[in-house]
Amino acid sequence: MFRRYRRVALQAPFLGFAISAGLFQFVVLTSAIGWQAQISLAEAFRSILTWGLIGVVVAVAALIGGMTAVALVDRRLQRAAIVRVSWAGVGAGMAVLTECIVFGFVVSDSGWPLGYVMFGVIAGIVAATTAATLVNRAERRAARAPESTVNEMTKAI
């Protein structure tokens, strides 16, 4: 199972950083009219780096949740690929939502947990969609790949 999804595990943190930093640029930097002239390049870089690191944390939680869901449902990879794709998305979304809820109740004041829940829902939807897309690509790659020579040699023995 890990051999099939190792590319997903390597791509997830970088993709989480890119999506989160891109969303920061799109939402914050473009919505504040005149704010770009008041912010220095160093402050913008620090903010993008901070949001990118938040994306990496969310991506790692999604990776753990998606891999755990696939391992629980189909450890031997014997079911249809759509089952693994679906459960990877569900597991990733639920793990991100759980992470945001726990973080919201542990760190925040009395009025902010609902904000973390809303952030968790949005981040969970993005993580679920991204995880399902990455697992779908891995499944298609595995379906097209020929049998390895190691498997043929072990079958002969």
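We're numbering straight along the sequence, starting at 1. Please read these numbers as outputs of a predicted model, since none were measured by experiment.
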Is the backbone of [Y] close enough, under 3.5 Å, to the side chain of [X] for a donor and an acceptor to pair up by distance?
X     : Y     : answer
Thr50 : Arg46 : yes
Ser20 : Trp51 : yes
Asp74 : Arg84 : no

Same cluster for [X] and [Y] if Ile/Leu/Val/Met/Phe/Trp/Tyr side chains link at under 4.5 Å?
X     : Y     : answer
Phe26 : Phe24 : yes
Leu72 : Trp87 : no
Ile19 : Leu63 : yes
Val58 : Leu49 : no
Leu15 : Leu23 : yes

>> Just so I know, are the side chains of Gln11 and Arg6 near enough to count as touching, which here means a heavy-atom distance under 4.5 Å?
In response: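 SC-SC contact between Gln11 and Arg6 ruled out.
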> Given side chains that start at C-beta, do those of Arg4 and Arg141 come closer than 4.5 Å, heavy atoms only?
Replying inline: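 With C-beta onward as the side chain, the pair stays apart.
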>> Show me the pairs that pass ring pair (Phe, Tyr, Trp, His ring centres under 6.0 Å) and involve residues 119-146, at least two apart or across chains.
In response: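 Found none.
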> Can you list the residues that meet the side-chain contact (heavy atoms from CB on, under 4.5 Å) rule with Ala62, with sequence neighbours excluded?
Replying inline: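 In terms of side-chain contact (heavy atoms from CB on, under 4.5 Å), with neighbours along the sequence ignored, Ala62 is linked to Ala92, Val96, Ala127.
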> So does Met67 have more than 12 non-hydrogen atoms from other groups sitting under 6.0 Å from CE?
Replying inline: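 Above 12, so yes.
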Compare every heavy atom of [Y] with every heavy atom of [X], then report the nearest pair and how far apart it is.
X      : Y      : value
Ala61  : Glu99  : CB-OE1, 3.4 Å
Ala128 : Gly89  : CB-O, 3.1 Å
Ala131 : Ala88  : CB-O, 4.0 Å
Leu134 : Val8   : O-CG2, 3.6 Å
Ala59  : Ala12  : CB-O, 3.3 Å
Val126 : Thr130 : O-OG1, 2.8 Å

> Looking at CG of Leu114 and CD1 of Ile101, how far apart are the two atoms once the value is rounded to the nearest 0.5 Å?
Replying inline: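 Leu114 atom CG to Ile101 atom CD1 measures 10.0 Å (nearest 0.5 Å).
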>> Return the OG to CD distance between Ser47 and Gln25, rounded to the nearest 0.5 Å.
In response: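 CD of Gln25 is found 10.5 Å from OG of Ser47.
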>> Quick check on side chain to side chain contact (heavy atoms under 4.5 Å, CB included): which of Ile125, Val121, Val102 does Leu97 satisfy it with?
In response: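 Of the listed residues Ile125, Val121, Val102, the side chain to side chain contact (heavy atoms under 4.5 Å, CB included) partner of Leu97 is Val121.
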> For residues Tyr5 and Glu139, is any side-chain donor paired with an opposing acceptor at under 3.5 Å?
Replying inline: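 Checked: Tyr5/Glu139 side chains pair up, N/O donor to acceptor below 3.5 Å.
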